[in-house]
Amino acid sequence: MPRRQALLYESPFKAPDGASLTCLYRADDREVLRFHEAGDFLVKTDRIEGCVPEAARDLAELRFLGPVLSYWFERRGLPTIHASAVAVDGQGIAFISRHGGGKSGLAAAMVRAGASLLTDDLLVVDEVDGRWEARPAYPEMRMWPDEAAHFAGPPERLPRVQRDSAKRRVTVGGEGFGSFRDASTPLACIYLASRRQETAGGIEVQPVSRSEALIELVRHSFSARLVEAAGLQPARLDRLARLVRRVPVRHLSYPSGFDRLPEVVAILS
């Protein structure tokens with residue numbers, strides 16, 4: 001770790017041994033993200049370097065593909081949102097939801113219907129010549145066993161995300177599931193998805209005010225606490241405010257059940 005580091009952030013969540021699960025240090029023009037049992041990541045302007053225990057590589061990969069990459073993009077002025085996104089006819093559609101809201105299932109249903117995956121978890125948005133684009137992530141989805149069985153085949157044949165996780169890795173594109181778009185795509189709409197418990201009822205799409213949209217994007221930021229601790233929040237809020245002025249945000253309420261997803265796809269396509 002670099003010398004003269006200053007502690008910027010210490011997670012309130014603790015491991016059994018009392019250590020914080022996440023810490024952020026700053027030294028000169030670089031920062032270090034330290035994850036309990038998952039190693040250290042040196043975050044520089046042009047690259048990220050990691051020191052990862054061999055026994056924790058799967059956990060370290062999740063940290064790298066989530067908070068580490070998110071924080072690296074945020075340092076570069078690119079907001080990151082916890083969302084799935086697909087490309088349909090050259091336009092990006094993103095799905096945000098609370099835990100269990102079904103954003104990955106929605107994205108998978110769209111991909112099955114012919115859309116291309118942009119990202120399953122970490123959405124990076126970029127302002128280019130006054131318009132907002134969704135950047136592609138990596139060609140993989142993480143599905144719960146029931147989702148994997150529905151979209152990709154027997155889950156026992158798919159690798160686990162982690163050794164102790166029920167989620168499975170599903171490769172997208174090539175010989176895998178659906179197709180992947182590896183180019184930035186104009187962002188046409190963001191949906192705040194809410195999956196109802198009942199299987200009956202209709203599908204509702206309602207507009208969201210700009211103020212509510214801004215609150216929801218902040219709420220679903222990928223590394224909000226790190227961004228705030230690093231002093232990046234004011235500029236980030238300004239960027240997100242510009243985003244909701246240009247990109248519509250809508251509520252999407254839909255019933256549970258894989259058999260109802262084609263109806264949702266038909267409305268959104």
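What you see below is based on every heavy atom in this structure, not just the backbone, and it leaves out hydrogens, waters and symmetry mates.
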Exercise. Does R242 CZ have over 12 foreign heavy atoms under 6.0 Å away?
Worked result: yes
For this session: Give a yes or no on whether D46 atom CG has more than 12 heavy-atom contacts from other residues, nucleotides or ligands under 6.0 Å away.
Result: yes
Exercise. If you measure from CG on L69 to OG on S223, what distance do you get to the nearest 0.5 Å?
Worked result: 10.5 Å
Exercise. Is R135 salt-bridged to E133, going by a charged N under 4.0 Å from an acidic O?
Worked result: no
For this session: Say whether V86 and V205 are linked into one hydrophobic cluster, either directly or through other cluster members, by side-chain heavy-atom distances under 4.5 angstrom.
Result: yes
For this session: Answer whether the closest heavy-atom distance between the side chains of F64 and I48 falls below 4.5 Å.
Result: yes
Exercise. Under 4.5 Å between any side-chain heavy atoms of D58 and V161, yes or no?
Worked result: no
Problem set entry | I267 and Y254, any side-chain heavy atoms less than 4.5 Å apart | no
For this session: Working to the nearest 0.5 Å, report the span between CG of D126 and CZ of R76.
Result: 9.0 Å
Seminar exercise, completed: d(E37 CD, L21 CG) to nearest 0.5 Å is 9.0 Å
Exercise. How is the hydrophobic cluster of V244 composed, in terms of its other members, when Ile, Leu, Val, Met, Phe, Trp and Tyr link through side-chain heavy atoms under 4.5 Å apart, directly or indirectly?
Worked result: I81, I96, L123, V125, W132, L187, I190, L192, V208, L214, L217, V218, L237, L240, L243, V247, V249
Exercise. Given side chains that start at C-beta, do those of F35 and V68 come closer than 4.5 Å, heavy atoms only?
Worked result: yes
Problem set entry | G105 versus E147, closest heavy-atom pair with distance | N-OE2, 3.5 Å
Problem set entry | Full working for side chain to side chain contact (heavy atoms under 4.5 Å, CB included) between F151 and V170 | CA-CA 9 Å; F151 291 109; V170 176; over 6 Å; no
Problem set entry | Flag, side chain of S20 to backbone of S11, donor-acceptor distance under 3.5 Å | yes
Exercise. Can R169 and E61 be counted as an ion pair, charged N to O under 4.0 angstrom?
Worked result: yes
For this session: Following the transitive rule for hydrophobic clusters with a side-chain heavy-atom cut-off under 4.5 Å over Ile, Leu, Val, Met, Phe, Trp and Tyr, establish whether V227 and L7 coincide in one cluster.
Result: no
For this session: Determine, step by step, whether R112 and H150 satisfy the side chain to side chain contact (heavy atoms under 4.5 Å, CB included) criterion, reporting the C-alpha distance in whole Å, the side-chain angles of both residues, the deciding distance to 0.1 Å, and the verdict.
Result: CA-CA 11 Å; R112 171 176 275 186; H150 182 77; 3.4 Å; yes
Exercise. Taking the side chain as C-beta and beyond, is there a heavy-atom pair between S84 and M110 under 4.5 Å?
Worked result: no
Problem set entry | Step-by-step salt bridge (charged side-chain N to carboxylate O under 4.0 Å, His left out) determination, R142 to D120 | CA-CA 7 Å; R142 302 170 191 162; D120 182 41; 5.7 Å; no
Problem set entry | CD-CZ distance between E31 and R26, expressed to the nearest 0.5 angstrom | 4.5 Å
Exercise. Stepwise, does the side chain to side chain contact (heavy atoms under 4.5 Å, CB included) test hold for K103 with H220?
Worked result: CA-CA 12 Å; K103 64 181 178 62; H220 291 280; over 6 Å; no
Problem set entry | L118 backbone acceptor or donor facing R181 side chain under 3.5 Å | no
Exercise. Does some side-chain heavy atom of F180 sit less than 4.5 Å from a side-chain heavy atom of V111?
Worked result: no
Seminar exercise, completed: Taking every heavy atom of F95 against every heavy atom of L106, the minimum-distance pair comes out as CD2-CD1, 3.8 Å
For this session: Search all heavy atoms of P255 against all heavy atoms of A200 and return the closest pair with its distance.
Result: CB-O, 3.5 Å
Problem set entry | Rounded distance (nearest 0.5 Å) linking atom OG1 of T171 with atom OH of Y138 | 11.5 Å
Exercise. Would you call the rings of H82 and F222 parallel, tilted or perpendicular, where under 30° means parallel and over 60° means perpendicular?
Worked result: perpendicular
Exercise. Got more than 12 heavy atoms from elsewhere within 6.0 Å of CD, Q197?
Worked result: no
Exercise. More than 12 non-hydrogen atoms from neighbouring residues, nucleotides or ligands closer than 6.0 Å to CG on D17, yes or no?
Worked result: yes
Exercise. How many angstroms lie between atom CZ of R250 and atom CD of E204, to the nearest 0.5 angstrom?
Worked result: 15.0 Å
Exercise. Would R239 and E127 pass as an ion pair if we require N to O under 4.0 Å?
Worked result: no
For this session: Please examine the side chains of L117 and F177, heavy atoms only from C-beta on, and report whether any two atoms are closer than 4.5 Å.
Result: no
Problem set entry | Ion pair E228/R225, N-O distance below 4.0 Å | no
Problem set entry | Check: S97 and S194 side chains under 4.5 Å, non-hydrogen atoms | no
Exercise. Cluster question for you: counting only ILVMFWY and a side-chain heavy-atom cut-off of under 4.5 Å, with indirect links fine, are L268 and V265 together?
Worked result: yes
For this session: Verify the cluster assignment for L8 and V32: are they in a single hydrophobic cluster under the rule of side-chain heavy atoms below 4.5 Å apart?
Result: no
Exercise. Is a donor on one side and an acceptor on the other found under 3.5 Å between the side chain of R75 and the backbone of L232?
Worked result: no
For this session: List the steps, then state whether side chain to side chain contact (heavy atoms under 4.5 Å, CB included) holds for S104 with M143.
Result: CA-CA 7 Å; S104 291; M143 298 184 183; 5.7 Å; no
Exercise. Is F41 reachable from Y25 through a run of hydrophobic residues whose side-chain heavy atoms are each under 4.5 Å from the next?
Worked result: no
